[in-house]
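In each ligand, atom 1 is the first atom listed, and ligand 1 is the first ligand listed.
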Amino acid sequence: MIIIMDLNASPEQIREVEQEIERVGLRPFMNPGVERKVIAVLGEMDVHKADLVEHFSTMDGVSRVDVISDLWKLASKSYRPEGSTVRVQDVVIGGNRIVVAAGPCSVEDEGQLLEIAEAVKESGASLLRGGAFKPRTSPYSFQGLGEKGLKIMARVRDKVGLPIVTEVMDTHDVNMVADYADMLQIGARNMQNFALLKKAGNTNRPVLLKRGPAAKVKDLLMSAEYIMAEGNQSVVLCERGITTFEDTTRNTTDINALPVLKRLTHLPVMIDPSHATGDWRYVGPISLAGVAAGADGVIVEVHPDPGHAKSDGPQSLKPDKFAELMGKLRRVAEAVDRTM
Ligand code: PEP
Ligand code: MN
């Protein structure tokens, strides 16, 4: 349920509505950064919903009460029909401009990251991605450099000037990763790690939330809601492919998910063609398809020597191929009335 206040509602009237929400055992949540004062009402209210709508409609200063029928509330398109943007330092995701995040799957050493960061910046990327904590299928595979990798990322960020996005896998590491990173990534495998989602919801860092390989679009939205219900509204969703019976690619890109998400939520949406396909040869076409289908951004794995990458080499673009892709992306962005 959302309570839309009159444009000229007084602070006292707003406070009274908030107090009344608490009095009936629910939680008021103010929609920040919006001119119109909208109070979301969170909590279990199924049986009394009709009574509550009636009750709040009669309060002073209230213009209208709307029921949000979606299971996700703060993430619902009806909560912010105008769409929302998420800032990562100076980079705005969800505006007209398509944002590209690029970098290696894993941070391997400072020289490697610096070389990649300079190359992708030169080609027009605005965020640097890289993993320091790696969720690997095998416990014997490279697990990432941990905090050392975060330190490398932070130094490269300071040298090159690209904000950094990196994965956090463990609730105990969230604050530490947030100290280094400009944006936290919650990976596909942890999309429904609710303790981790809540912890990220209590930081002031924007979150890149990737869709689980076996998660429905609705599950992804409920996971975003977990972060938002804790107070953190800066969530960007990411389609990164799902598991299907098809085995010529690592995953199957659910291209449908892009326009579907755009209809169901106000949150910005990115596409990750690297994990979605698992093969550098398909990364270009699927990036272009993603932007054509409405993605607000693309996240691409780039490595100068994919054959020796510590993870995900086969799906990594070499810097020259990435530069080529950026040129094509620019043209597709223009065709769908976006900029780069
Ligand atoms: C990654 O971004 O390197 C990664 C592990 O992604 P995902 O969680 O989508 O598999
Ligand atoms: Mn990867």
Side-chain angles (χ1 to χ4, degrees), residues 88 99-108 112-113 116 120 125 127-139 141-146 149-150 152-153 164-170 173 177 181-193 196-197 200 206-215 217 219-220 223-224 227 235-244 249-254 257-258 261 269-280 282-283 286-287 290 295 297-318 322:
V88 186
V99 169
V100 178
C105 179
S106 295
V107 176
E108 297 170 7
Q112 170 239 25
L113 192 66
I116 297 173
V120 300
L127 296 171
L128 177 64
R129 66 142 287 146
F133 292 95
K134 295 306 303 176
R136 304 307 301 282
T137 303
S138 164
S141 303
F142 178 62
Q143 303 285 309
L145 296 179
L150 298 176
I152 292 175
M153 288 195 88
I164 54 180
V165 51
T166 195
E167 177 161 357
V168 58
M169 295 181 3
D170 189 316
D173 294 334
V177 177
D182 300 294
M183 183 181 218
L184 300 176
Q185 175 171 322
I186 294 189
R189 291 158 193 79
N190 271 313
M191 189 206 84
Q192 284 185 314
N193 179 340
L196 186 64
L197 297 172
V207 178
L208 178 68
L209 177 63
K210 300 183 92 176
R211 179 182 180 183
V217 163
D219 298 327
L220 174 62
S223 289
I227 299 170
V235 179
V236 175
L237 304 173
C238 181
E239 166 59 39
R240 46 77 73 205
I242 52 174
T243 303
T244 67
T249 49
R250 181 178 179 183
N251 289 291
T252 299
T253 313
D254 181 7
L258 296 161
L261 283 166
V269 183
M270 293 181 79
I271 184 161
D272 172 349
S274 309
H275 293 88
T277 64
D279 186 327
W280 68 271
Y282 310 133
V283 166
I286 298 306
S287 302
V298 187
I299 175 163
V300 184
E301 286 185 341
V302 175
H303 199 287
D305 184 8
H308 291 97
K310 293 213 166 171
S311 59
D312 287 349
Q315 66 195 35
S316 299
L317 290 184
K318 288 188 183 168
F322 175 72

Could you tell me which atoms of ligand 1, counted from 1 in the order shown, lie closer than 4.0 angstrom to a heavy atom of [X]?
X    : answer
A188 : 7 (P), 8 (O), 9 (O)
G187 : 8 (O)
R240 : 7 (P), 9 (O), 10 (O)

Steps toward side chain to side chain donor-acceptor pair (under 3.5 Å) verdict (H303, D312): CA-CA 9 Å; H303 199 287; D312 287 349; over 6 Å; no
Heavy-atom gap E301 to ligand 1 smaller than 4.0 Å: yes
Whether C105 lies under 4.0 Å from ligand 1, heavy atom: yes
Contact (N/O only, under 3.5 Å) between Q185 and ligand 1: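 Between Q185 and ligand 1, an N or O pair is found under 3.5 Å apart.
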Taking [atom] as the reference point, the nearest protein heavy atom with its distance:
atom                   : answer
atom 6 (O) of ligand 1 : K210 NZ, 2.9 Å
atom 4 (C) of ligand 1 : H275 NE2, 3.4 Å
atom 2 (O) of ligand 1 : R129 NH1, 2.7 Å

Counting distance only, does the side-chain N/O of [X] pair as donor-acceptor with the main-chain N or O of [Y] below 3.5 Å?
X    : Y    : answer
Q143 : S141 : yes
N190 : N193 : no
E239 : D254 : yes
Q112 : S106 : yes
R129 : C105 : yes

Smallest separation among heavy atoms of F322 and L317, with atom names: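 Smallest heavy-atom distance, with atoms named: CA-CD1, 4.0 Å.
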Which atom of A181 lies closest to which atom of T166, heavy atoms considered: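 So the two residues come closest at CB-CG2, 3.8 Å.
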At the Mn ion (ligand 2): angle between H275 atom NE2 and D312 atom OD2, to 10 degrees: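 Roughly 90°, rounded to 10°.
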The one among C238, P135, G103 that brings a heavy atom closest to atom 5 (C) of ligand 1: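 It is P135 whose heavy atom sits nearest to atom 5 (C) of ligand 1.
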Among the N, O or S atoms of E301, the one nearest the Mn ion (ligand 2): OE2
